[in-house]
Student: 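First the structure, which I've put down as structure tokens, then a few questions once you've had a look.
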Amino acid sequence: MTKSGKILIGNGRLITRDPLRPFLKNGALVIDANHIEEVGETQVLLQKYPGSDYIDAQGMFIMPGYINAHHHIYSAFARGMSIPDNHPQNFLEILEGTWWNLDRHMTLEETYNSGIAAYLECIRNGVTTLIDHHASYKEVTGSLYALEKAAALTGVRTCLSYEISDRDGKEKMLQAVEESFDFAESLENSTMIETLIGLHASFTLSDETLKICKERNSRKIGYHVHVAEGLYDQEHSLKEYGCSVVERLKRFDILNENTLAGHCVHISKEDMDILKESGVTVIHNPQSNMANAVGVPDVLRMIDKGITVCLGTDGYTFDMLESAKAALVLQKHQSGNPDRGFAETSAMLFENNARIASKIFGETLGIIKEGAAADVIIVDYRPYTPLNESNIDGHLFFGITGNHTDTTIINGKVLMRHKKMMADTENLSAKCVESAAELWRKLYE
């Protein structure tokens with residue numbers, strides 16, 4: 001950093017996501033501390049801010065960092081994993097044999113290191129904001145603090161929640177409740193670390209547990225919950241409680257304008273009406289839904305009803321453009337209408353994710369304009385076909401992946417510059433490798 005303390009990024013194709021000035025062919029921006037101070041033409045800003053630390057984009061894209069609206073950090077330690085004799089035939093068996101099996105073996109150290117691995121992957125893929133849903137039922141207490149520590153070390157903006165569930169008994173459920181609300185109380189006006197109250201899913205949450213969460217939530221903190229991801233969740237609620245999952249959550253005042261509802265694969269038109277009236281935000285996770293064979297949510301109907309639908313990965317990938325590509329073709333395939341899906345996917349990833357993240361963190365995110373948070377990436381993409389403000393998303397969806405990320409800046413701090421990570425990734429990665437190997441040893445025993 002130079003004496004001025006400012007960073008100037010220029011000589012790039014600037015994609016702002018600001019409707020008043022969406023694209024500058026040779027654009028630049030100036031970062032002062034944690035926010036964007038000015039946006040304009042490269043030569044103009046170079047003359048105006050001569051003492052800045054200049055990052056030459058060399059004709060690459062300059063754009064806001066990606067936002068992931070639903071993830072599971074601990075899944076970083078599942079890459080390549082193949083648990084012996086685990087051959088699931090349905091979604092419940094996937095949960096029991098893989099994900100709940102994994103989290104039931106995770107120590108606090110392994111949780112922390114999975115966080116390090118996940119955040120490093122975020123930086124490499126240009127993800128500057130991550131909204132996570134965590135579980136580690138072997139050691140519950142302190143797990144959100146472990147992830148907070150990993151986020152602080154790596155510099156990624158993160159919203160954390162713990163997956164409250166009855167699946168491992170009342171004592172573990174109460175530990176999860178305490179972890180969730182204690183962690184929420186510990187946060188003090190942070191724009192880098194936030195929290196929601198995480199709930200697993202209706203079929204693993206008793207009425208008693210939902211009542212406890214409602215009574216503890218005097219501050220009206222938002223919820224982050226899986227809703228009808230698998231058909232069993234909906235069938236269980238109808239059989240045991242005489243109502244749909246959405247109706248049940250509404251009874252306990254879980255659904256409101258601060259609630260994130262993941263998946264919503266098996267919901268009815270009436271459920272959608274309730275979600276719309278409650279102001280709930282739905283998170284679509286296309287690759288996870290397909291990989292788990294749980295079905296395809298009617299995203300287009302939800303959007304047509306006016307429900308805000310965002311885009312996540314559910315731990316399947318760290319690459320938001322990979323998730324967007326899947327969402328795009330899945331909607332076309334499911335609807336049978338080739339004219340649908342493109343605009344909706346763009347809105348999910350670039351508008352709705354930014355809107356919900358800005359609300360959670362109290363910062364203007366997902367846009368490059370004066371006063372917005374300095375979460376900026378440079379993307380190494382040089383198209384052979386014409387590029388202008390009307391076809392930017394066509395280039396992003398059909399020409400770019402997260403791996404094209406060249407430089408990642410979060411909260412005004414350069415975390416990766418021209419593919420060189422600023423953190424001591426060699427030592428951090430080595431510890432992650434050791435930690436993952438120990439976790440796998442326990443699973444493979």
Student: Say whether H35 and E363, considering side chains only, have a donor N or O and an acceptor N or O under 3.5 Å apart.
Tutor: yes
Student: Please determine which of N289, D233, N292 meets the side-chain hydrogen bond (donor to acceptor under 3.5 Å, both in side chains) test together with H263.
Tutor: N289
Student: If we only count heavy atoms from C-beta on, is the S161 to Y223 side-chain gap below 4.5 Å?
Tutor: no
Student: Should the ring pair F342 and F398 be called parallel, tilted or perpendicular, given that the plane angle runs from 0 to 90° and is split at 30 and 60?
Tutor: parallel
Student: Applying the side chain to side chain contact (heavy atoms under 4.5 Å, CB included) test to L349, which of L328, D393, L311 qualifies?
Tutor: L311
Student: Go through the side-chain N and O atoms of T209 and D166 and say whether any donor and acceptor fall under 3.5 Å apart.
Tutor: yes
Student: Indicate yes or no: does R104 engage D168 in a salt bridge with an N to O separation below 4.0 Å.
Tutor: yes
Student: Please assess E344 against Q331 for the test side chain to side chain donor-acceptor pair (under 3.5 Å), listing each intermediate value before the final yes or no.
Tutor: CA-CA 9 Å; E344 290 83 359; Q331 291 169 73; over 6 Å; no
Student: Could you check whether Y49 and E37, counting side-chain N and O atoms only, form a donor-acceptor pair closer than 3.5 Å?
Tutor: yes
Student: Kindly assign one of parallel, tilted or perpendicular to the pair Y444 and W440, based on the angle between their ring planes and the thresholds 30° and 60°.
Tutor: parallel
Student: Please determine, by modelled atom types, if Y74 and H134 share a side-chain donor-acceptor pair under 3.5 angstrom.
Tutor: no
Student: Output all residues satisfying side-chain hydrogen bond (donor to acceptor under 3.5 Å, both in side chains) with N403, sequence neighbours left out; order by chain, then residue number.
Tutor: none
Student: Side chains of T313 and H71: is there a donor and an acceptor less than 3.5 Å apart?
Tutor: yes
Student: Evaluate the side chain to side chain donor-acceptor pair (under 3.5 Å) criterion for residues N353 and Y66: first the C-alpha distance (whole Å), next the side-chain angles of each, then the deciding distance (0.1 Å), finally the verdict.
Tutor: CA-CA 9 Å; N353 279 18; Y66 307 115; over 6 Å; no
Student: Of the non-hydrogen atoms in T154 and I123, which two are nearest, and what is the gap between them?
Tutor: O-CD1, 3.6 Å
Student: Roughly how far, to the nearest 0.5 Å, is the OG1 atom of T425 from the NZ atom of K420?
Tutor: 8.0 Å
Student: With a 4.5 Å heavy-atom cut-off, do L147 and I73 have their side chains touching?
Tutor: yes
Student: Look at K138 together with E110 and state whether they make a salt bridge at an N to O cut-off of under 4.0 Å.
Tutor: no
Student: Check whether any side-chain heavy atom of T259 sits under 4.5 Å from a side-chain heavy atom of T281, and report yes or no.
Tutor: no
Student: What's the shortest heavy-atom distance between K369 and V39, and which atoms?
Tutor: CA-CG2, 4.0 Å
Student: How about T42 and N26: does a side-chain donor come under 3.5 Å of a side-chain acceptor?
Tutor: yes
